[in-house]
Amino acid sequence: MLKKRIVFATENEGKMKEIRKILEDPKVELLSLREAGIHADIVEDGETFEENAAIKAREIAKLTDAIVLADDSGLEVDYLHQEPGVHSARYMGYDTSYRVKNQHILDLLKGVPEEQRTARFVCAIAAALPEGQVLLVRETIEGMIGYEERGEGGFGYDPIFYLPEYGCSTAELSLEKKNELSHRGKALRRMKEKLEEYMG
Ligand code: IMP
């Protein structure tokens, strides 16, 4: 069987493991940038998650004949006018620890009542196809900013992202449960459906 080559534009092996679990398919050879031998420094200067994912996918697609997937994700806090948003990774500086970033957000929301603490994680995924077309999906998980850091799992802003209906933060979910509910898990599954339609 001739396998379709798909490159996922990430150098993060942890993310790649998640992605593999969801996109795994006997018809597909899925490669990270490292595995595809591609190195590129891309400036993600779009104003939306979709723009950034599309920029990344298009730029990498110039370097390979494979289908290229790229994602962009982040946290939108409504009380902070959807910040940190597309700046989530570089918020307060790339090298600032998430302990500090999370505490800062908790401080900014000190005294803010529950109904104004709404927030969401967003994930956009773009697929640049060899013919030049770009497929896009965007998914979210809705929650709220908690009152303290909770949980040891996950990464980034997970300890302050509280899911009222589960009574815990996303840092307290098992990996399987987080994948089932998360912005990234949902976006990956939708992109998988779109790619299956495209590949026939
Ligand atoms: P990127 O999409 O890899 O550029 O990641 C953007 C940033 O958004 C990450 O560095 C985290 O700060 C934040 N982020 C995205 N998804 C999650 C998540 O599932 N949990 C916690 N933080 C996240």
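Indexing begins at 1, ligand by ligand and atom by atom, following the structure's order. Keep in mind that what you see is a predicted model, and the values were worked out from it rather than measured.
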Starting from [atom], which protein heavy atom do you reach first, and at what distance in Å?
{"atom": "atom 17 (C) of ligand 1", "answer": "Phe155 CZ, 3.4 Å"}
{"atom": "atom 22 (N) of ligand 1", "answer": "Tyr157 N, 3.2 Å"}
{"atom": "atom 3 (O) of ligand 1", "answer": "Lys15 NZ, 2.8 Å"}
{"atom": "atom 12 (O) of ligand 1", "answer": "Tyr98 OH, 2.5 Å"}

Does His183 reach ligand 1, in the sense of a heavy atom lying below 4.0 Å from it? yes

Within less than 4.0 angstrom of ligand 1, does Arg184 place any heavy atom? yes

Between Ser88, Ala53, Ser73, flag the one that comes closest to atom 6 (C) of ligand 1 by a heavy atom. Ser73

Look at Glu114 together with Arg117 and state whether they make a salt bridge at an N to O cut-off of under 4.0 Å. no

Do the side chains of Glu196 and Lys27 get close enough for a salt bridge, i.e. N-O under 4.0 angstrom? no

Using a strict cut-off of 4.0 Å, indicate which atoms of ligand 1 neighbour a heavy atom of [X].
{"X": "Lys178", "value": "18 (C), 19 (O), 20 (N)"}
{"X": "Asp72", "value": "2 (O), 4 (O)"}
{"X": "Ala89", "value": "7 (C), 10 (O)"}

So, using side chain to side chain contact (heavy atoms under 4.5 Å, CB included) as the criterion, who are the partners of Glu47 when residues are at least two apart? Glu51

Look at the rings of Tyr157 and Tyr98 and say which category their plane angle falls in: under 30° parallel, 30 to 60° tilted, over 60° perpendicular. perpendicular

Salt bridge (charged side-chain N to carboxylate O under 4.0 Å, His left out) partners of Arg184, counting only residues at least two apart: Asp71

